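Start at 1 with the first residue, then count along the sequence. Note that ligands are numbered from 1 as they come in the structure, with each ligand's atoms numbered from 1 the same way. Since the model is a prediction, treat every value here as computed from it, not as a measurement.
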Amino acid sequence: MPEAANIWSATVLSLFPEMFPGPLGFSLAGKALEMGLWRLETVDIRSFARDKHRSVDAPPAGGGPGMVLRPDVLAAAVDDVRGREARPRPLIYLSPRGAPLGQRRVQTLRDGPGVVLICGRFEGVDERLLATREIEEVSLGDFILSGGEIAALALMDAVVRLLPGVAGSPLSLQEESFSKGLLEYPQYTKPADWEGMAVPPVLLSGNHAEIRRWRKAQAEEITRRVRPDLWRRYVVEDQGE
Ligand code: SAH
């Protein structure tokens with residue numbers, strides 16, 4: 001068990017703190033949370049509202065549809081979290097404008113002390129918050145969610161499963177898609193024959209060198225076919241490492 005000060009800790013700022021831990025309360029992440037292998041704190045953005053209506057948002061300056069989260073309220077929440085931190089953690093706003101989240105960033109986040117995540121809602125946050133608080137923007141992909149909460153859950157799930165002691169078998173983490181710049185080879189299990197299709201005989205041969213070769217060839221073939229972008233990078237950067 002890691003020392004208390006070294007436990008990977010996530011703080012999530014949201015208008016809907018009840019959404020957490022949500023799915024992360026189950027299975028591997030849930031068990032790990034219960035065991036104290038990682039920590040999750042939620043901060044209700046609304047508790048930092050100061051006016052008599054406890055408002056957190058306002059119409060966009062210049063007009064247009066929807067509402068924008070106020071920078072003063074969000075900054076108060078962010079500064080409060082920052083002031084209580086033993087070690088500064090990356091401050092991330094989940095945003096469709098951010099750098100798309102990839103396995104490499106997930107790994108570097110795993111290697112750090114944790115994260116502070118800001119979940120937007122409505123039309124997003126006032127730009128001045130992003131300009132003044134050293135915020136990194138991270139996207140889940142080129143589509144629009146209705147709020148940052150599901151993106152925050154996805155990011156934490158991706159990190160937590162890489163923490164020591166969380167995954168059943170650390171070896172499976174080395175083999176999986178993206179870990180070596182390739183998609184994973186196809187998997188098979190019992191029964192050996194199913195609907196007229198047999199498990200590839202090499203996998204039942206017991207010859208581990210052959211199996212390794214077959215899997216690498218399959219991983220390369222699949223990556224080349226379905227993700228030419230990853231394949232190009234693999235050929236240029238990763239091969240021979
Ligand atoms: N008007 C904004 C979208 C706001 S969606 C725009 O067009 O860019 C509301 C909130 O959902 C955002 O503030 C952000 O926190 C979250 N969100 C939406 N799509 C996301 C994505 N692809 N990745 C991460 N967060 C996202």
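- Heavy-atom contacts from other residues, nucleotides or ligands closer than 6.0 Å to CD of Gln103 number more than 12.
- Evaluation of the side-chain hydrogen bond (donor to acceptor under 3.5 Å, both in side chains) test over residues 25-36, restricted to residues two or more places apart or in two chains, returns none.
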In a simple table, one pair per line, please give the protein and ligand 1 atom names for every N or O pair closer than 3.5 Å, along with the distance.
{"unit_1": "ligand 1", "atom_1": "1 (N)", "unit_2": "Glu123", "atom_2": "O", "d": "3.3"}
{"unit_1": "ligand 1", "atom_1": "1 (N)", "unit_2": "Glu123", "atom_2": "OE1", "d": "3.3"}
{"unit_1": "ligand 1", "atom_1": "11 (O)", "unit_2": "Gly147", "atom_2": "N", "d": "3.4"}
{"unit_1": "ligand 1", "atom_1": "13 (O)", "unit_2": "Tyr93", "atom_2": "OH", "d": "2.6"}
{"unit_1": "ligand 1", "atom_1": "15 (O)", "unit_2": "Leu94", "atom_2": "O", "d": "2.6"}
{"unit_1": "ligand 1", "atom_1": "15 (O)", "unit_2": "Gly120", "atom_2": "N", "d": "3.0"}
{"unit_1": "ligand 1", "atom_1": "19 (N)", "unit_2": "Leu145", "atom_2": "N", "d": "3.0"}
{"unit_1": "ligand 1", "atom_1": "22 (N)", "unit_2": "Gly141", "atom_2": "O", "d": "3.0"}
{"unit_1": "ligand 1", "atom_1": "22 (N)", "unit_2": "Phe143", "atom_2": "O", "d": "2.8"}
{"unit_1": "ligand 1", "atom_1": "23 (N)", "unit_2": "Leu140", "atom_2": "N", "d": "3.0"}
{"unit_1": "ligand 1", "atom_1": "25 (N)", "unit_2": "Ser95", "atom_2": "N", "d": "3.3"}

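- With sequence neighbours excluded, the residues satisfying side-chain contact (heavy atoms from CB on, under 4.5 Å) with Arg224 are Glu221, Trp231.
- Checked by atom type, the side-chain pair Thr11/Glu41 shows a donor-acceptor distance below 3.5 Å.
- Environment of OH in Tyr188: crowded, with over 12 heavy atoms of neighbouring residues, nucleotides or ligands closer than 6.0 Å.
- For the salt bridge (Lys or Arg N to Asp or Glu O under 4.0 Å) condition, the pairs that include at least one residue of residues 138-157, sequence neighbours left out, are Arg121-Glu149.
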